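Remember, predicted model here, so these are calculated numbers, not experimental data.
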Amino acid sequence: MMRTITFGEALREALHEEMERDDTVFVMGEDVITHGGPYKVTQGIAERFPGRIFETPIAEAGIVGVGVGAAMAGMHPVVEIMYLDFITCAMDEVVNQAAKMRYMTGGQASVPMVIRLPCGAGRLLAAQHSQIMESWFMHVPGVQVAVPSTPSDGKGLLKTAVRSPDPVLFFEYKRTYTSKGEVPEGEYTIPFGQADIKRDGEDATIVAVGPMVQKSLEAAVLLEDEGYDVEVVDPRTLSPLDTETICESVRRTGRAVVCGEDSSFAGSVSEIAAMIGENCFGDLKAPVVRIGSPHVPMPFSAALVKHVVPEVPNITAAVEQVIS
């Protein structure tokens, strides 16, 4: 059975179900009880699971550090950082502690921790509350990077993240919290490293990350009116990255556009584009095109944000370019 719920509601369901399943799972972060977090994802946990959700001071290094210690002691913390930008205050805890612990102890210790990270443009929160730093953590061995684009993927991937024996950075684009989609009833998980083909096509492949998936699907409909049959592939996780599914699609269509809201300069889209060029060069009929944000801070002005965040016309133009 399927029902239509929002992305935020799907994440909330996943947390409630995992806390019901495993009493070692707990939640911590700023305002997670008082307001249910900035986007209401942790609503209802305090009432249903008293003693398993903790509000913290504004001290991200401490929040993540406590999470690392709890995870090593056998718990499964789900840490919420109010905005992705603030994870920079806890880079040592993420990059030097959580990511390295299994390796440095020869497998004797692990850090089964999820760090939830609201990110991207939304509410005009400007340069210090709107960043997208997926590629920073793709570069770190020992952590996994999940970027769901739909409510059903959000729930399935979050449940997988909670059950993972290693740390997961879970990127949640702020504009997707109110987006709606069909979500299965009952128990299900989605494996990491398994991309999803959101739309089949023969003329070109769009590899889209996060909210660019929906924009790519909209672009594909417009391009269909022009006679172009476009495939849309959603990696769902960037580390591990399902290179096999992406390359299989590109080899079949011969053309690739990679789009995301991360900066195109040294960003996730650039890594995927490079991987396609390296593995599919002989099958490409045109150079790979990247679509990402320009290498600038996120502006406060709504008018300027429109020039930073890629939109549907950028995608249609890129597909027309690789096909022509």
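Between the side chains of Gln194 and Asp242, no donor-acceptor pair is found at a separation under 3.5 Å. For the residue pair Glu202 and Thr253, no side-chain donor N or O sits within less than 3.5 Å of a side-chain acceptor on the partner. Under 3.5 Å, the side chains of Ser270 and Arg290 contain a donor-acceptor pair of N or O atoms. A donor and an acceptor atom, one from each side chain of Ser268 and Glu134, are located under 3.5 Å apart.
The pair Lys159-Glu187 counts as a salt bridge, with a side-chain nitrogen and a carboxylate oxygen less than 4.0 angstrom apart. For Asp229 and Arg199, the salt-bridge test passes: some basic side-chain N is under 4.0 Å from an acidic carboxylate O. Under 4.0 Å is where a charged nitrogen must lie from a carboxylate oxygen, and between Arg102 and Asp166 at least one such pair does.
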Would you please test Tyr177 and Glu172 for side chain to side chain donor-acceptor pair (under 3.5 Å) and show each step?
-> CA-CA 8 Å; Tyr177 282 119; Glu172 302 166 10; 2.5 Å; yes

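Grouped by direct or indirect side-chain proximity (heavy atoms under 4.5 Å, Ile/Leu/Val/Met/Phe/Trp/Tyr only), Leu222 sits with Val312. Clustering of Ile, Leu, Val, Met, Phe, Trp and Tyr side chains at separations under 4.5 Å places Tyr103 together with Met104.
Every side chain to side chain donor-acceptor pair (under 3.5 Å) that Ser249 has, sequence neighbours left out, goes to Thr205, Glu231. Listed by chain and residue number, Gln144 satisfy the side chain to side chain donor-acceptor pair (under 3.5 Å) test with Ser164 (two or more places apart in sequence, or in another chain). With sequence neighbours left out, the side chain to side chain donor-acceptor pair (under 3.5 Å) criterion links Asp92 to Asn96. Residues satisfying the side chain to side chain donor-acceptor pair (under 3.5 Å) test with Arg21, not counting sequence neighbours, are Glu18. Legend: residues meeting ring pair (Phe, Tyr, Trp, His ring centres under 6.0 Å) with Tyr228, ordered by chain and number and at least two apart, are absent. For Tyr188, there are no ring pair (Phe, Tyr, Trp, His ring centres under 6.0 Å) partners two or more places apart in sequence or in a different chain.
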Side-chain polar contacts of residues 150-158 - donor-acceptor pairs under 3.5 angstrom, sequence neighbours left out - could you list them?
| residue | atom | partner | partner atom | Å |
| --- | --- | --- | --- | --- |
| Thr150 | OG1 | Ser152 | OG | 3.3 |
| Thr150 | OG1 | Asp153 | N | 3.1 |
| Thr150 | OG1 | Asp153 | OD2 | 3.4 |
| Asp153 | OD1 | Arg236 | NH1 | 3.1 |
| Asp153 | OD2 | Lys198 | NZ | 2.6 |
| Lys155 | NZ | Glu13 | OE1 | 2.8 |
| Lys155 | NZ | Glu17 | OE2 | 2.7 |

Under 3.5 Å, side-chain donor or acceptor atoms of residues 298-306 against the rest of the protein: list the pairs with distances, not counting sequence neighbours.
| residue | atom | partner | partner atom | Å |
| --- | --- | --- | --- | --- |
| Ser301 | OG | Ala303 | N | 3.2 |
| Ser301 | OG | Leu304 | N | 3.3 |

Give the table of side-chain donor-acceptor pairs shorter than 3.5 Å for residues 64-84, with sequence neighbours excluded, one pair per line with atom names and distance.
| residue | atom | partner | partner atom | Å |
| --- | --- | --- | --- | --- |
| His76 | ND1 | Thr24 | OG1 | 2.9 |
| Glu80 | OE1 | Arg116 | NH1 | 2.4 |

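More than 12 heavy atoms of other residues, nucleotides or ligands lie within 6.0 Å of CD in Glu218, so this atom counts as buried by the packing criterion. The number of heavy-atom neighbours closer than 6.0 Å to CD of Glu311, taken from other residues, nucleotides and ligands shown, is above 12. For Glu278, the CD atom is loosely surrounded, since the number of other residues' heavy atoms within 6.0 Å does not exceed 12.
How far CE of Met28 is from CD1 of Ile53: 11.0 Å, rounded to the nearest 0.5 Å.
Among residues at least two apart or in separate chains, there is no ring-ring contact (aromatic ring centres under 6.0 Å, His included) pair with a member in residues 139-172.
Looking at every heavy atom in both residues, Ile63 comes nearest to Pro57 through CD1-O, 3.7 Å. When all heavy atoms of Pro141 and Ala99 are compared, the closest pair comes out as O-CB, 3.6 Å. Taking every heavy atom of both residues into account, Ser293 and Val309 meet most closely at OG-CA, 4.5 Å.
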